[in-house]
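A short write-up of the structure that comes next.
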Amino acid sequence: MTISAIKGMNDILPGEVETWQFLEQSARNIFEIYGFSEIRTPVPEKTELFCRSIGETTDIVEKEMYTFADKSQNSMTLRPEGTAPVMRALIQNRLYNQDSVTKLYYLGPMFRYERPQKGRYRQFHQLGAEVLGVEDPKIDTQVLAMLHHYFRSIGIDSVSLQINSLGCPECRPAYREKLVAYLESRLAALCPECQRRYLVNPLRVLDCKVPDCREATTDAPAMIEYLCEDCETHFSQVQKHLAALEIPFEVNPRMVRGLDYYVRTTFELVTDQLGSQNAVAAGGRYDGLVEGLGGPALPGIGFAIGLERLVLLKGNEKIAPGVPVVFIAALGDAAVDPAFVLMSQLQAAGVRAEMDYQSKSLKAQLRRANKLNARYCLVLGDEELTSGQVQLKNMADGTQTPVSLAGLVDLLVENNS
RNA sequence: GUGGGAUUAGCUCAGUUGGUUAGAGCACUGGUUUGUGGUGCCGGGGGUCGGCGGGUUCGAAUCCCGUAUCCCACCCCA
């Protein structure tokens, strides 16, 4: 039996890794324009970090974390998301002391123990950004503008932006009571799952996908109708700024978050092209999180993009792999070593050169040159070695140019640039 | 955690109502033709039919049960 990768954890292979690199490089370019710096944190963290930030009763903490004890019996967890570790690093290293605004982005693998399916894996990758220290709604809009800019730059337009406000510790409790009372009056019409959770997590019921539940809750009270004055102002300012920047969006009063730390503005970029995994990016404001983790009372807002989902969206348009500039075919055993030296010289000079490492027939070598889509091809045999002249063949149009072996490197270096 | 589908060559898949030595295309490889490659033709290697356990049968790749993995959906999320 051969050894296979762990369930839900995938290799990223040549042919698809080019798409990843493109998406990552584009993100670095765009995020830098908006003043973000990269931060890299460890993959495992103390389990407590996630319990305290994400919330004890969330699905992630309750049943999806990769938690284990190390040899000293300390409980550690492979990070299931990126925000909490970044906040931990921010507090530990006092990054907030540099400036009144801290802008960070991260990129890396996350782990959740779920049943894998399209666009959802046990090891997956998130690309996220966080802004700390600004409560002004302009920063909410700024973050959304950057997200919008990024998606435009990578050529994905099949997503739409949905926003909502979850209120704050001032106004949410009162709303929550109203919602629970409403749900209690409709309890019989809800799906069993919602009947179980309406007390623990009533907002979740609004996001239920069972048609009957949606039907039964069409006139449920919405958080945005019960926002306190400050939250109301904040939310309307975000929308005003979005309109000013001509960023299309729609308000979805039923959108909720799976993590407990979110307040006020929340948002998702959704698509209809990935089956049931419709969220490609999501995020929101988390004003109490840093303080809750023992840091200063810093407001924060951020998002995370699911890279596997982004790759799936981008996937159709394959990014062509690099092609060799020149392929060297060796004719006869005596030419193999000189061909190898020539190839090495070309590579050392910065020219992408290829040959066949095994001694094959000339036909097989040339077939490989064609398969690799090399731009030029030359045959090196006894004749060429004694005369010092080779025929450089242009594979596209078939034309041949006589070139001296001595001048070949210079010619190709020039041609390459 | 709950459902549905799948598993046969390196890859994509056929294999009819169970019936002898299990097939195709691509890929790989040898030869040949074409000016030293792209085309055509002729050959070749490669599979104990995912694994294990069990059942039905004269006979199982084929039917049934268990188990593993993958995919898809639910749940949830990015």
Side-chain angles (χ1 to χ4, degrees), chain A residues 1-10 13 15 54 57-65 79-83 107-128 147 159 191-194 196-197 201 204 207-211 213 255-259 262 267-271 274-284 302-313 327-332 356 358 360-374 376-381 383-384 390-398 400:
Chain A
M1 266 307 264
T2 53
I3 298 171
S4 61
I6 291 171
K7 183 188 184 92
M9 306 201 182
N10 301 314
L13 302 173
I54 298 172
T57 62
T58 57
D59 278 9
I60 292 176
V61 171
E62 272 185 349
K63 50 190 192 191
E64 293 177 2
M65 294 208 301
R79 61 184 180 195
E81 60 105 36
T83 300
L107 167 56
M110 307 292 163
F111 301 82
R112 292 184 200 172
Y113 190 85
E114 301 179 274
R115 285 283 285 269
Q117 62 190 65
K118 189 183 177 76
R120 197 181 74 182
Y121 309 100
R122 290 185 173 180
Q123 174 175 324
F124 61 104
H125 295 78
Q126 283 191 340
L127 166 58
L147 200 52
V159 292
C191 72
E193 180 66 19
C194 286
R196 185 185 65 77
R197 69 184 165 196
N201 199 344
R204 181 93 265 150
D207 198 41
C208 184
K209 282 168 185 155
V210 177
C213 277
M255 187 178 75
V256 300
R257 304 276 60 195
L259 291 71
Y262 284 112
F267 52 87
E268 281 182 8
L269 279 181
V270 298
T271 178
L274 292 182
S276 63
Q277 265 57 247
N278 63 344
V280 180
F303 64 79
I305 301 169
L307 276 176
E308 277 79 1
R309 295 180 187 180
L310 206 54
V311 169
L312 282 172
L313 278 182
F327 189 97
I328 301 163
L331 183 58
D356 204 292
Q358 301 156 81
K360 287 186 184 167
S361 69
L362 184 61
K363 169 165 176 163
Q365 294 184 61
L366 292 170
R367 187 156 36 185
R368 180 142 179 271
N370 192 59
K371 189 181 164 187
L372 290 174
N373 211 7
Y376 296 98
C377 177
L378 65 86
V379 175
L380 198 63
E383 200 176 303
E384 285 80 6
V390 293
Q391 294 288 329
L392 189 63
K393 182 165 183 171
N394 184 322
M395 300 292 274
D397 56 22
Q400 298 204 31

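Lettering follows sequence order; numbering is per chain, from 1. In this text the structure is predicted, and so the values were computed from the model without any measurement.
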Say we look at [N] and [M]: how far apart would their [atom1] atoms be, to the nearest angstrom?
N: B:rG38; M: B:rC11; atom1: P; result: 27 Å
N: B:rC63; M: B:rU57; atom1: C1'; result: 10 Å
N: B:rG59; M: B:rC71; atom1: C1'; result: 34 Å
N: B:rA68; M: B:rU32; atom1: C1'; result: 48 Å
N: B:rG54; M: B:rA73; atom1: C1'; result: 31 Å
N: B:rU33; M: B:rA22; atom1: P; result: 36 Å
N: B:rC75; M: B:rG45; atom1: C1'; result: 49 Å
N: B:rA14; M: B:rC58; atom1: P; result: 31 Å

Handout entry: Sidechain N-carboxylate O distance under 4.0 Å for A:R120, A:E114
Key = yes
Exercise for the section: State plainly whether the residues A:E308 and A:K118 are in salt-bridge range, i.e. N to O under 4.0 Å. Expected result: no
Please work out if [X] contacts a base, only the sugar-phosphate, or nothing of the nucleic acid, heavy-atom cut-off 4.0 Å.
X: A:G119; result: base
X: A:A369; result: nothing
X: A:G82; result: nothing
X: A:Y121; result: base
X: A:N373; result: nothing

Integer-rounded Å distance: [N] [atom2] and [X] [atom1]:
X: A:F303; N: B:rC77; atom1: CZ; atom2: C1'; value: 17 Å
X: A:L274; N: B:rA73; atom1: CG; atom2: C1'; value: 15 Å
X: A:E81; N: B:rA78; atom1: CD; atom2: C1'; value: 11 Å
X: A:R120; N: B:rC71; atom1: CZ; atom2: P; value: 12 Å
X: A:L331; N: B:rG35; atom1: CG; atom2: P; value: 18 Å
X: A:E114; N: B:rA78; atom1: CD; atom2: C1'; value: 10 Å
X: A:L13; N: B:rC11; atom1: CG; atom2: P; value: 13 Å
X: A:E62; N: B:rC77; atom1: CD; atom2: C1'; value: 14 Å

Fill in the blank from the handout: Between A:R79 and A:P109, the two heavy atoms sitting closest are NE-O, 2.8 Å
Handout entry: CD (A:E62) with more than 12 external heavy atoms under 6.0 Å
Key = yes
Handout entry: Distance test, side-chain N/O of A:R257 to OP1/OP2 of B:rA78, below 4.0 Å
Key = yes
Handout entry: Phosphate OP1/OP2 of B:rC71: any A:Q117 side-chain N/O under 4.0 Å
Key = no
Practice task
Output the distance between atom CG (A:L378) and atom CD (A:E384), rounded to the nearest 0.5 Å.
Solution key: 8.5 Å
Any donor and acceptor pair, going by atom type alone, linking the side chain of [X] with main-chain N or O of [Y] inside 3.5 Å?
X: A:R309; Y: A:G119; answer: yes
X: A:R112; Y: A:P80; answer: yes
X: A:Q126; Y: A:G128; answer: no

Problem - Residue met sooner reading RNA chain B from 5', once A:K7 and A:A364 are mapped to nucleotides - result: A:A364
Handout entry: 5' priority, RNA chain B, between A:N10 and A:F124 [closest heavy atom]
Key = A:N10
Problem - Charged tip of A:R368 within 45° of A:F327 ring normal and under 6.0 Å - result: no
Who pairs with [N] - Watson-Crick or G-U, where each distance is under 3.5 Å:
N: B:rA24; value: B:rU12
N: B:rG47; value: none
N: B:rC70; value: B:rG5
N: B:rC58; value: B:rG19

Handout entry: Footprint string (nucleotides 36-43 of chain B, 5' to 3'): B base within contact, S backbone only, - free, heavy atoms under 4.0 Å
Key = BBS-----
Handout entry: Candidates B:rA27, B:rC71, B:rU2 - which lies nearest the side chain of A:P116
Key = B:rC71
